[in-house]
Amino acid sequence: MCGLAGILQSQARLQEAELTALAGAMGDALAHRGPDDRGVWVDAAAGVALAHRRLSILDLSPLGHQPMRSSDGRYWLAYNGEIYNFTALRAELEPLGHRFGGHSDTEVLLAAVVQWGLEATLRRCNGMFAIALWDRREQRLSLARDRVGKKPLYYGWAGDTLVFGSELKALWRHPAFDNGIDRDALTLLLRLDYIPAPHCIHERAFKLMPGRVLHLDAAAVAAGAAAHRPAQAQVAYWDARERMAACLAAPFAGSEAEAADALDGQLRQAVALRMVADVPVGVFLSGGTDSALVASLMQAQSAAPVHSFSIGFEDSDHDEAPLASEVATHLGCDHTELYVSGADALAVVPELPAMFDEPFADASQVPTALVARLARRGVTVALSGDGGDELFFGYTRYQRALRNWRALQCVPAPLRRWLGRHAHAQGEASRAGGLAALLAEAGATGIGDVYRNRISRWRDPAAVVRGAHEPATFYSLPDPLQGRGGAADAMMLADFTTYLADDLLCKVDRTSMAASLEARAPLLDWQVAEFAWSLPLDIKLRDGITKYLPKQVLRRYLPDAMVFRGKRGFGAPVTQWLRGDLRDWAGDLLDPRRLRQDGVFEEAAVSALWQRFGQGERKWHTHLWNVLMFQAWQVHWQVQRAQVRAG
């Protein structure tokens with residue numbers, strides 16, 4: 001897997017030793033992502049430095065060391081991820097005259113860039129990656145990210161210097177990165193529980209979006225520093241909306257049986273590619289459809305029992321361990337489960353700010369961290385089932401939103417407009433159900449408006465963050481597909497581009513990397529995604545059965561009793577925590593005097609919900625958790641920056 005970091009100065013000021021030390025410190029902040037090797041490369045005359053921390057997965061020898069130079073000397077590369085089809089790319093490149101000293105995918109990636117250029121190479125790659133590439137001839141830095149957003153990449157300005165890295169902790173190591181809180185971005189955390197790309201919790205800092213490339217030279221860095229924003233746009237080499245629209249325009253024309261055969265074949269190939277490693281490989285197994293499907297396809301293609309891992313919770317409605325154990329036993333996996341107490345889970349909470357670096361409030365981050373630690377005891381790579389819900393209509397909230405949207409379309413437009421004008425005044429009361437909830441959706445002009453209400457935490461977050469204006473996101477669009485697909489497709493697209501990348505994949509990346517574990521998601525192979533987009537809705541949702549087609553494939557490997565059972569989800573009992581062991585911790589972070597002194601939140605709004613929660617109103621735990629995650633993060637960030645300033 002790995003971590004990368006680097007610097008590009010608008011003017012080359014630092015001597016080689018200074019640049020090497022600074023870039024090295026930024027890279028060392030990511031040692032958990034790459035405990036096996038360390039590398040730094042600098043060109044002081046150009047004002048550029050690349051740092052890398054390596055988790056050895058392919059070619060464990062020094063021949064996989066990074067940053068790596070291309071054979072012609074033009075490029076230097078620091079790269080985080082895996083190119084799963086590197087063997088096929090190597091077979092294309094060898095007849096063209098390229099020679100390879102080792103068998104790492106990094107060497108193949110560099111040769112491909114030499115042969116075809118960066119963007120053409122990215123379109124050929126099937127993998128997960130974040131890339132920093134320095135072109136010595138053009139004196140240009142290129143930052144790139146995989147199609148789906150499995151691997152992270154932050155960048156921002158420290159004074160007039162560009163800094164970048166896999167996690168914010170690398171950027172914090174630069175003495176001039178005194179970038180404050182972006183209050184507009186904070187409103188997105190309150191609405192969504194995470195901050196979607198390209199936004200970042202810091203001013204003058206950004207996330208590279210999935211499927212994008214950003215090209216920067218010294219002049220662009222200087223212009224970006226002066227303008228407080230990127231001087232050049234992130235360029236798409238793959239765009240989910242355009243690809244979905246193209247797939248919908250050329251739908252799958254075969255029978256249901258042919259669709260099941262095609263999905264089975266594509267998933268088998270995707271799983272097989274992700275089982276390639278020079279270290280032990282396992283699977284996260286929850287017992288749900290997606291992870292069970294991945295485990296089934298792994299075991300079907302493995303001569304030895306597949307290592308599977310699950311977490312169980314004592315005295316909890318969120319316990320899926322018995323389901324996972326049944327699946328593992330049927331498949332013949334080498335299964336490991338660990339039952340954890342509430343105290344075990346709560347012990348993770350203080351570690352969350354350091355683990356995520358940016359405020360992040362999906363509470364399933366806690367069990368995900370625990371299962372990653374469990375898996376790392378036995379393997380270095382673990383496959384996950386992420387992506388099935390977004391591709392195959394797996395969430396019950398999709399059905400509710402469709403039902404509400406159809407009902408609203410029966411209401412005369414003048415009445416809907418009148419109701420919509422009164423909706424904003426309801427604020428957070430829309431969480432209470434009844435008329436307030438109806439008003440929250442009544443003014444909808446498209447499925448996107450209805451769906452945003454279904455997935456929002458704080459309904460009016462700009463009213464809670466002082467001096468903030470909420471930025472637009474994919475969820476702000478009445479129709480994310482712009483008329484090129486149905487309402488169901490539009491919701492799945494919004495989640496694929498936003499929730500999947502910036503919540504689910506962020507959660508898996510940070511928790512797995514904190515344990516020096518590589519996580520791979522075969523359902524998110526881009527070819528599987530495009531096949532899923534070509535399928536009609538009635539093969540994803542039939543007679544109330546969600547993920548209908550994947551379940552038909554799963555029936556080939558598991559008995560129906562294991563396939564057709566209720567979805568429990570991978571959650572955390574936040575209400576129980578905040579009323580129990582975390583009550584004092586939360587009360588301290590939400591103290592009105594503290595909120596007033598910080599000057600970030602409107603303390604009256606937050607305090608009112610904390611009081612109502614304490615009086616027994618259960619629904620406010622989601623609102624409170626994202627405020628708490630920001631408050632805890634803010635303390636951690638301030639301590640980290642103070643340590644850097646102290647030298």
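Given the structure is predicted, the values throughout are model-derived calculations rather than measurements. Along the sequence shown, residues carry numbers from 1.
Geometrically, R452 does not engage Y475 in a cation-pi contact, judged by NZ or CZ lying under 6.0 Å from the ring centre and within 45° of the ring axis.
C2 and N80 make their closest contact through O-OD1, 3.0 Å (heavy atoms, listed as atom of the first residue, atom of the second, distance). What you find for C200 and A205 is that their closest heavy atoms are CB-O, 3.3 Å. Across all their heavy atoms, P550 and F392 have their closest contact at CG-CG, 3.5 Å. The minimum heavy-atom distance linking A494 with P480 is given by the pair CB-CG, 4.2 Å. Among all heavy-atom pairs drawn from T380 and L55, the shortest one is CG2-CD1, 4.2 Å. M128 approaches A519 most closely through the heavy-atom pair CE-O, 3.2 Å.
For the side chain to side chain contact (heavy atoms under 4.5 Å, CB included) criterion with L523, the lone passing option out of L267, L383, D386, V271 is L267.
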task: Quick one: do T497 and L493 satisfy side chain to side chain contact (heavy atoms under 4.5 Å, CB included)? Show the steps, please.
output: CA-CA 6 Å; T497 58; L493 174 65; 3.8 Å; yes
- request: Evaluate side chain to side chain contact (heavy atoms under 4.5 Å, CB included) for F474 paired with D495, printing each intermediate quantity in order.
  value: CA-CA 9 Å; F474 236 73; D495 275 350; over 6 Å; no
- prompt: How far apart are the C-alpha atoms of Q597 and R594, what are their side-chain angles, what is the distance that settles it, and do they pass the side-chain hydrogen bond (donor to acceptor under 3.5 Å, both in side chains) test?
  reply: CA-CA 5 Å; Q597 181 178 351; R594 182 173 191 161; over 6 Å; no
query: Does the salt bridge (charged side-chain N to carboxylate O under 4.0 Å, His left out) test come out yes or no for E351 and R373, once each step is laid out?
result: CA-CA 13 Å; E351 303 175 36; R373 291 176 182 179; 2.4 Å; yes
- request: Give the intermediate values and the outcome of side chain to side chain contact (heavy atoms under 4.5 Å, CB included) for residues V450 and L402.
  value: CA-CA 8 Å; V450 175; L402 284 179; over 6 Å; no
task: Might you work through the side chain to side chain contact (heavy atoms under 4.5 Å, CB included) test for S166 and K151, ending with a clear yes or no?
output: CA-CA 8 Å; S166 299; K151 293 291 101 183; over 6 Å; no
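Contact check for D193 versus W625: no side-chain heavy atoms found under the 4.5 Å cut-off. Taking the side chain as every heavy atom from C-beta outward, L578 and F613 approach each other to under 4.5 Å. In this structure, M355 and Q365 have side chains that are not in contact, with every pair of non-hydrogen atoms separated by 4.5 Å or more. In this structure, the side chains of R510 and C506 come closer than 4.5 Å at one or more pairs of heavy atoms. The shortest distance between side-chain heavy atoms of K507 and F360 falls below 4.5 Å. Residues V381 and L517 form no side-chain contact, since every pair of their non-hydrogen atoms from C-beta on lies 4.5 Å or further apart. Looking only at side-chain heavy atoms (C-beta outward), E337 and I311 stay at 4.5 Å or farther from each other. Between T546 and K551, the closest side-chain pair of non-hydrogen atoms falls below 4.5 Å.
A donor atom on one side chain and an acceptor atom on the other are not found under 3.5 Å apart for T368 and T511. There is a side-chain donor-acceptor pair under 3.5 Å between N626 and W458. If you check the side chains of H32 and S516, you find no donor sitting under 3.5 Å from an acceptor. Looking at E358 and Y154, their side chains do bring a donor and an acceptor atom within 3.5 Å of each other. For the residue pair N404/Y451, the side-chain donor-acceptor check at 3.5 Å is not satisfied. For the residue pair Q615/R612, the side-chain donor-acceptor check at 3.5 Å is not satisfied. A donor atom on one side chain and an acceptor atom on the other are not found under 3.5 Å apart for Y398 and R454. Side-chain N/O atoms of S456 and N453 include no donor and acceptor closer than 3.5 Å. There is no side-chain donor-acceptor pair under 3.5 Å between D184 and H469. For W620 and E617, the side-chain atoms include at least one donor-acceptor pair closer than 3.5 Å.
A salt bridge between D389 and K547 is present, with a side-chain N of the basic residue lying under 4.0 Å from a carboxylate O of the acidic one. Salt-bridge check for R466 with E603: passed, with a basic side-chain N closer than 4.0 Å to an acidic carboxylate O. Between R33 and D509 a salt bridge is recorded (basic side-chain N to carboxylate O distance below 4.0 Å). The pair E518-K150 does not meet the salt-bridge criterion, since no charged nitrogen lies less than 4.0 angstrom from a carboxylate oxygen.
A centroid separation of less than 6.0 Å is found between the aromatic rings of H202 and W633. In this structure, F601 has its ring center closer than 6.0 angstrom to the ring center of F630. Not less than 6.0 angstrom separates the ring centroid of H623 from the ring centroid of W610.
Applying the side-chain hydrogen bond (donor to acceptor under 3.5 Å, both in side chains) test to pairs two or more places apart or on separate chains, those with a residue in residues 322-331 are E326-R565.
Ring geometry, Y499 versus Y395: the interplanar angle exceeds 60°, so the pair is classed perpendicular (tilted spans 30 to 60°).
For the side chain to side chain donor-acceptor pair (under 3.5 Å) test, no residue two or more places apart in sequence or in another chain qualifies with R173. Looking at residues two or more places apart in sequence or on another chain, you find a side-chain contact (heavy atoms from CB on, under 4.5 Å) between D581 and L346.
Between the side chain of D182 and the backbone N or O of I201, no donor-acceptor pair lies under 3.5 Å. A distance-only check finds a donor-acceptor pair linking the side chain of K169 to the backbone of A354 [under 3.5 Å]. Checked by atom type and distance alone, the side chain of D543 never pairs as donor or acceptor with a backbone atom of I545 at under 3.5 Å. A donor-acceptor contact shorter than 3.5 Å is absent between the side chain of S310 and the backbone of A324. Counting only distance, with no hydrogens or angles, the side chain of D146 and the backbone of V148 share a donor-acceptor pair below 3.5 Å. At least one donor-acceptor pair closer than 3.5 Å links the side chain of R274 to the backbone N or O of A270.
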